[in-house]
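To keep things clear, I will list the structure first and then write my remarks on it.
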Amino acid sequence: MLAFRDAMPPLERAEKSCRIARLVMGHPAYRSAECLLCYAGYKSEADTFFLMGQALKDGKKVYCPKVVEAAPAKRQMEFYRILSLEELEPGYHGIPEPPESGDRLFAEDGKTGLMILPGSVFDKNGNRIGYGGGYYDRYLGRHTGMVRMGICFDFQVAETVPAERYDWKMDLVMTENGIRFGG
């Protein structure tokens, strides 16, 4: 699946990413969210920079993930608010990340949030296979009060994928062709 995604021509990837972003922005979960927690598109993933830029213009609080040291030799992911896309810099494995700042750390505090998740494959039941680190599943175990929307290209949706008890299901999965799971 990842090799197929990597082989997609850049112009096609950009066009499909733009379609995904427009569909996300038209969804009620986006329109009602005060906060957007969103990965910064990397390599051949569906690009999210257009989506994040529009969310900032729409007055939403935008948060991006950063891998941080939680304990000696143990990493976890936290989300930090960005005020502009230019704040993102190469971080863990070269992935664009926000600066770490205690006053910008995401705290639910009753806010309505929409989390946009990447993945290598999703299924028609809302299950997701990420990239093997478990960062999103551990984060979601600590922050349960937001809508979880997986985004990917249509060919990344399978009939079914294996899921473990600690894997978090998506509330919906959006591709360039619309919603593939959820509402």
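These values consider heavy atoms only, across backbone and side chains, with no hydrogens, waters or symmetry-generated copies. Bear in mind that the values here come from a model prediction, so they are computed numbers and not experimental data. If you read the sequence from its start, that first residue is 1, and numbering goes on from there.
Across P98 and L88, no two heavy atoms sit closer than the pair N-CD2, 3.6 Å. The two atoms that bring P65 and C38 nearest to each other are CD-O, 3.3 Å, heavy atoms only. Annotation for F181 and D171: closest pair CE2-O, 3.7 Å, computed over non-hydrogen atoms. Taking all atoms of both residues into account, the shortest heavy-atom contact from G41 to F49 is O-CE1, 3.5 Å. The minimum heavy-atom distance between G130 and S120, with the atom names listed, is O-OG, 3.0 Å. The two residues L51 and A21 have their closest heavy-atom pair at CB-CB, 4.0 Å.
When the side chains of ILVMFWY residues are joined at heavy-atom separations under 4.5 Å, either directly or via intervening members, M146 and Y136 end up in a single hydrophobic cluster. There is no path of hydrophobic side-chain contacts, each under 4.5 Å, that joins M115 to V68. Y80 is not connected to M52 by any chain of hydrophobic side-chain contacts under 4.5 Å among Ile, Leu, Val, Met, Phe, Trp and Tyr, and they are in different clusters. Connection of M174 to L140 is established within a shared hydrophobic cluster, with ILVMFWY side chains joined at heavy-atom distances below 4.5 Å, either directly or through further cluster members. When hydrophobic clusters are built by joining Ile, Leu, Val, Met, Phe, Trp and Tyr residues whose side-chain heavy atoms come closer than 4.5 Å, directly or via intermediates, V121 is not grouped with Y42.
Here the CG atom belonging to N127 is positioned 10.5 Å from the CD atom belonging to E164, to the nearest 0.5 angstrom. Interatomic distance, CZ of R19 versus CG of D154, reported as 9.5 Å (0.5 Å rounding). Taking OH from Y63 and SG from C35, the interatomic distance works out to 4.5 Å, rounded to the nearest 0.5 Å. To the nearest 0.5 Å, the span separating CG on L83 from NZ on K61 amounts to 10.5 Å. Atoms CD1 and CG, from I151 and L23 in turn, are 10.5 Å apart once rounded to the nearest 0.5 Å. For the atom pair CZ (F122) and OG1 (T160), the distance works out to 14.5 Å, reported to the nearest 0.5 Å.
Applying the side chain to side chain donor-acceptor pair (under 3.5 Å) test to pairs two or more places apart or on separate chains, those with a residue in residues 2-15 are R5-S44, R5-Y131, D6-S44, E12-K16. Sorted by first and then second residue, the pairs that involve residues 89-100 and meet side chain to side chain donor-acceptor pair (under 3.5 Å), not counting sequence neighbours, are K66-E97, Y92-Y135.
F153 places a side-chain heavy atom less than 4.5 Å from the side chain of S17. In this structure, the side chains of Y39 and I116 come closer than 4.5 Å at one or more pairs of heavy atoms. Side chains of I129 and P162 form a contact here, defined as non-hydrogen atoms less than 4.5 Å apart. Counting heavy atoms from C-beta outward, M25 and F50 have side chains that approach closer than 4.5 Å.
Side-chain atoms of E78 never come within 3.5 Å of backbone atoms of L105 as a donor-acceptor pair (strictly under, hydrogens ignored). Side-chain N or O atoms of R138 include one that pairs as donor or acceptor with a backbone N or O of G133 at under 3.5 Å. Not one N or O on the side chain of R128 forms a donor-acceptor pair closer than 3.5 Å with the backbone of W168.
Of the candidates L172, T175, D123, T175 is the only one forming a side chain to side chain contact (heavy atoms under 4.5 Å, CB included) with R180.
Ring centers of F79 and Y139: under 6.0 Å apart, within the cut-off. Annotation: F155 is in aromatic contact with F4 [ring centroid separation under 6.0 Å].
The cationic group of K60 lies under 6.0 Å from the six-membered ring centre of Y30 and within 45° of the ring axis, placing it in a cation-pi geometry.
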